[in-house]
Every structure is written in C-alpha cells, then in structure tokens.
Amino acid sequence: MARNTVLLKIKSLMPSLSTKEQSIANFVLEDPRFASRMTINEMAAQLGVADSTVFKFTKKLGYRGFRDFRTDLLAEEFDPQISIHENVTPEDTPVVVAQKIFHSSAKSLHDTLSLLNEHDLDQAIDFMLGASHISLYGCGESGVIALDAYQKFLRSPIPCHFITDTHMQLMQAAQLTPDDCAIVISHTGATREMIEIARIAHEARARVILITSYPSQHISEYADVTFVSTSDETGYRPESLSCRFAQLAIIDTLYTALMFRVQGTAESLRKIREAINLTKVDD
C-alpha cells in the first residue's frame with residue numbers, strides 16, 4: 001500500500017480544513033514545486049494569511065512545523081517513487097506511453113486505497129442499507145462513473161435512480177427525503193450543478209456520499225461521507241485519466257460490501273440474470 005505523501009495528506013484532510021487553511025492547501029496542490037521553495041513568511045504574504053495560519057496548517061498535517069513540511073515537499077518532488085505527475089511526452093513510443101499510463105493507473109488505485117478508512121466505508125454502507133432509494137449524480141466524465149455505478153446498483157434489492165441530464169438530476173434531488181441516500185460524484189468538486197445537488201440533498205436531510213479528487217469546502221460541507229480519489233495530476237485539472245479507475249474501484253467496493261449485507265440479494269440477482277439471459281442467442 002502506498003504511504004501517505006504530503007499531497008495525499010493534504011487531499012485527505014481537505015474536508016476538515018478551515019477556509020483559510022483550504023486556500024493554503026489549494027495553493028500547494030496547484031504548484032507544489034513553487035510552494036516548496038517558499039518561506040513561511042512568503043507563503044503567508046502570498047495568500048494574505050497570518051504566519052500562524054500556515055504553521056497550524058502544517059501541524060494539522062502531522063509536522064512539527066513549516067520547515068519539516070517543506071523538507072518533505074521537496075523530497076517528494078525529486079523522489080521518482082512517490083512523484084505523482086504524469087510523465088508522458090510527445091517523444092514517447094506507444095509502448096512507453098502504455099507503461100506510463102498503466103503505472104499511473106495502478107498508482108492511483110494504491111494511493112486511493114491508502115486514503116480509505118473502515119469508519120467511512122462502514123458509515124456509507126449503513127447509509128445505503130437504511131435507504132429507501134439510492135440516487136446517483138454526476139455530469140461529464142463523472143456522469144460516466146455514475147452511470148457505471150447505476151448499472152451495478154440495479155442488481156441490488158434497494159431501488160436506485162440515475163438520470164443523465166443535469167437539470168433533471170436537480171429536479172430529482174429536490175424530491176429526496178430523509179429516507180434516501182445520494183451518491184454525488186465530482187472529480188473537481190467545483191461543478192456548480194453537483195454542488196447544488198449536494199446542497200439540495202443535504203437540506204432534504206438525505207444522506208450524502210461524495211466521491212471526488214478535490215474535496216473543496218464548497219461541496220464537502222454538504223457530504224456525510226467523503227471518499228477522495230487520487231490521480232497523477234497534482235494541479236487543478238478538469239479531467240483525469242487515472243482517477244477514473246480509482247473512482248470505479250470505490251464504487252465497486254461500496255457495491256460489493258452492500259450486496260453481502262443487504263437482504264434479498266439472491267432474488268434480486270436472479271431476476272437480473274433472467275432478464276439479461278433474454279439478450280443471449282441460443283447455440
């Protein structure tokens with residue numbers, strides 16, 4: 001299992017950080033190379049916060065102070081074993097591209113696994129077990145992940161919903177009740193529609209499970225459980241190759257654990273298999 005690096009620690013702690021601390025976190029994530037060369041005074045001045053705020057931020061990450069934090073950040077940048085940048089270049093041959101992409105995807109899975117904890121998984125599964133309906137939300141590439149989750153959870157005895165159109169997702173979210181569970185998927189954590197859906201679900205007192213690579217305060221404040229998917233992109237980017245596999249793995253984990261605990265699984269699976277068998281051509 002991958003060890004928690006500086007950038008992974010920051011991502012995992014995002015939901016618990018204050019607004020000012022999140023501004024420091026985003027600054028470091030967007031340009032760790034630049035941040036690693038700053039003094040505490042320079043970083044505080046750059047962000048318009050007090051030196052003590054930067055110091056407290058590093059303490060929350062488990063460091064004795066800013067110097068230890070910067071030392072680890074510098075080491076991470078130059079250690080190829082824990083570097084989390086994609087290194088594909090135009091000069092790479094197809095087989096080299098494949099090697100780098102496969103390595104990136106595998107690393108994303110291991111890094112995401114290192115951020116999962118038993119309490120969050122148990123809580124998320126309990127939310128789904130106690131739900132009258134499981135509703136899935138996502139748009140763009142995250143919508144593809146939500147659609148994959150939908151075809152999995154259809155096998156569950158618990159009714160589930162997914163609509164591709166985001167306006168209709170908003171309408172459906174407005175119908176949620178305290179007996180429902182919403183799974184919101186947003187890679188950036190900054191998509192306006194997903195933030196609004198999470199807010200609407202939260203205000204309806206439905207349980208909200210969030211899957212994101214960037215747990216910003218804008219969306220995380222509405223989530224009951226947040227799962228962070230990591231990828232080789234360290235800066236803020238609207239797309240990601242490797243994080244898709246990590247998000248799919250989180251979905252697979254929730255689905256598999258749920259199916260072993262929910263009542264009526266065997267009958268639900270039997271009905272699904274019978275329906276799918278109608279699509280097969282006999283020999």
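In this text the structure is predicted, and so the values were computed from the model without any measurement.
- A 6.0 Å sphere centred on NZ of Lys20 holds no more than 12 heavy atoms belonging to other residues, nucleotides or ligands.
- For Thr253 (side chain) and Ala249 (main-chain N/O), a donor-acceptor pair under 3.5 Å exists by modelled atom type.
- Aromatic ring pairs are classed by plane angle as parallel below 30°, tilted from 30° to 60° and perpendicular above 60°; the pair Phe57 and Phe69 is perpendicular.
- Side-chain atoms of Glu203 and Tyr222 form no donor-acceptor pair, as typed in the model, at a separation below 3.5 Å.
- For the atom pair Ile250 CD1 and Ile185 CD1, the distance stands at 9.0 Å (nearest 0.5 Å).
- Crowding of Glu274 atom CD: a count of heavy atoms from other residues, nucleotides or ligands under 6.0 Å exceeding 12.
- What you find for Ala131 and Asp180 is that their closest heavy atoms are CB-C, 4.2 Å.
- Using a 4.5 Å heavy-atom threshold, the side chains of Arg70 and Ile40 count as separate.
- Taken from CD1 in Ile10 to CG in Leu29, the straight-line distance is 5.0 Å, to the nearest 0.5 Å.
- Using a 4.5 Å heavy-atom threshold, the side chains of Met43 and Phe66 count as touching.
- Closest heavy-atom contact between Gly189 and Ile219: O-CG2, 3.5 Å.
- In this structure the side chain of Leu248 reaches within 4.5 angstrom of the side chain of Ile145, judged on heavy atoms.
- Across Val262 and Pro157, no two heavy atoms sit closer than the pair CG1-CD, 3.8 Å.
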Passes side chain to side chain contact (heavy atoms under 4.5 Å, CB included), Thr212 versus Ser229? Steps please.
CA-CA 6 Å; Thr212 183; Ser229 54; 5.9 Å; no
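- Interatomic distance, SG of Cys243 versus CD1 of Ile211, reported as 10.5 Å (0.5 Å rounding).
- Under 3.5 Å, the side chains of Thr71 and Asp68 contain no donor-acceptor pair of N or O atoms.
- Hydrophobic clustering of Ile, Leu, Val, Met, Phe, Trp and Tyr side chains at less than 4.5 Å, counting indirect connections, keeps Phe245 apart from Phe102.
- Heavy-atom contacts from other residues, nucleotides or ligands closer than 6.0 Å to CD of Gln263 number 12 or fewer.
- Connection of Leu254 to Val144 is not established within any shared hydrophobic cluster, with ILVMFWY side chains joined at heavy-atom distances below 4.5 Å, either directly or through further cluster members.
- Within the 4.5 Å cutoff, side-chain heavy atoms of Phe227 are placed close to those of Leu121.
- Between the Ser108 side chain and the Ser104 main chain, no donor and acceptor come within less than 3.5 Å of each other.
- Put simply, the side chain of Ser36 gets close to the backbone of Arg33: a donor and an acceptor are under 3.5 Å apart.
- Looking at Gln123, its side chain never comes within 3.5 Å of a backbone N or O of Val225 through a donor-acceptor pair.
- Side-chain N or O atoms of Gln169 include one that pairs as donor or acceptor with a backbone N or O of Gly138 at under 3.5 Å.
- Side chains of Leu176 and Ser135 form a contact here, defined as non-hydrogen atoms less than 4.5 Å apart.
- Interatomic distance, Phe55 CZ to Arg67 CZ, rounded to the nearest 0.5 Å: 12.0 Å.
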Worksheet entry | Stepwise side chain to side chain contact (heavy atoms under 4.5 Å, CB included) test for Met14 and Ser220 | CA-CA 8 Å; Met14 269 287 204; Ser220 296; 5.9 Å; no
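- Side-chain atoms of Thr53 and Glu21 form no donor-acceptor pair, as typed in the model, at a separation below 3.5 Å.
- For the residue pair His187/Ser142, the side-chain donor-acceptor check at 3.5 Å is not satisfied.
- Residues Leu210 and Ile183 form no side-chain contact, since every pair of their non-hydrogen atoms from C-beta on lies 4.5 Å or further apart.
- The closest donor-acceptor contact from the side chain of Glu193 to the backbone of Thr166 lies at 3.5 Å or more, if one exists at all.
- The shortest side-chain heavy-atom distance between Leu258 and Phe153 falls under the 4.5 Å cut-off.
- If you chain together hydrophobic residues whose side chains sit under 4.5 Å apart, Leu73 and Ile24 fall into the same group.
- Nearest approach of Ala149 to Leu136, heavy atoms of both residues: CB-CD2, 3.7 Å.
- Environment of NE2 in His161: crowded, with over 12 heavy atoms of neighbouring residues, nucleotides or ligands closer than 6.0 Å.
- Annotation: the span from Ile134 atom CD1 to Leu129 atom CG amounts to 8.0 Å, rounded to 0.5 Å.
- The main-chain N or O of Thr265 is never found under 3.5 Å from a side-chain atom of Ser268 such that the two would form a donor-acceptor pair.
- Each of Val208 and Leu116 belongs to its own hydrophobic cluster when Ile, Leu, Val, Met, Phe, Trp and Tyr are linked at side-chain heavy-atom distances under 4.5 angstrom.
- Each of Ile197 and Ile251 belongs to its own hydrophobic cluster when Ile, Leu, Val, Met, Phe, Trp and Tyr are linked at side-chain heavy-atom distances under 4.5 angstrom.
- Of the inter-residue distances, the one linking Arg207 atom CZ with His202 atom NE2 reads 10.5 Å to the nearest 0.5 angstrom.
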Requested in this report: Report the C-alpha separation of Tyr63 and Lys9 in whole Å, then their side-chain angles, then the decisive distance to 0.1 Å, and conclude whether the side chain to side chain contact (heavy atoms under 4.5 Å, CB included) test is met.
Outcome: CA-CA 11 Å; Tyr63 294 101; Lys9 287 177 184 177; 3.6 Å; yes
Inset, instruction - Evaluate the side chain to side chain contact (heavy atoms under 4.5 Å, CB included) criterion for residues Arg155 and Tyr255: first the C-alpha distance (whole Å), next the side-chain angles of each, then the deciding distance (0.1 Å), finally the verdict. - result: CA-CA 9 Å; Arg155 294 166 168 79; Tyr255 164 75; 3.3 Å; yes
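- A pairwise comparison of heavy atoms in Leu8 and Ser114 identifies CD1-OG, 4.2 Å as the closest pair.
- Heavy-atom contacts from other residues, nucleotides or ligands closer than 6.0 Å to CZ of Arg261 number more than 12.
- Shown here for Asp120 and Thr226, the closest heavy-atom pair between the two residues is OD2-O, 4.1 Å.
- Checking side-chain atoms of Glu42 against main-chain N and O of Thr39 turns up a donor-acceptor pair under 3.5 Å.
- The shortest distance between side-chain heavy atoms of His133 and Ile158 does not fall below 4.5 Å.
- Annotation for Arg270: atom CZ counts as buried by contact number, over 12 foreign heavy atoms lying within 6.0 Å.
- For the pair Ser213 (side chain) and Thr188 (backbone), a donor-acceptor distance under 3.5 Å is absent.
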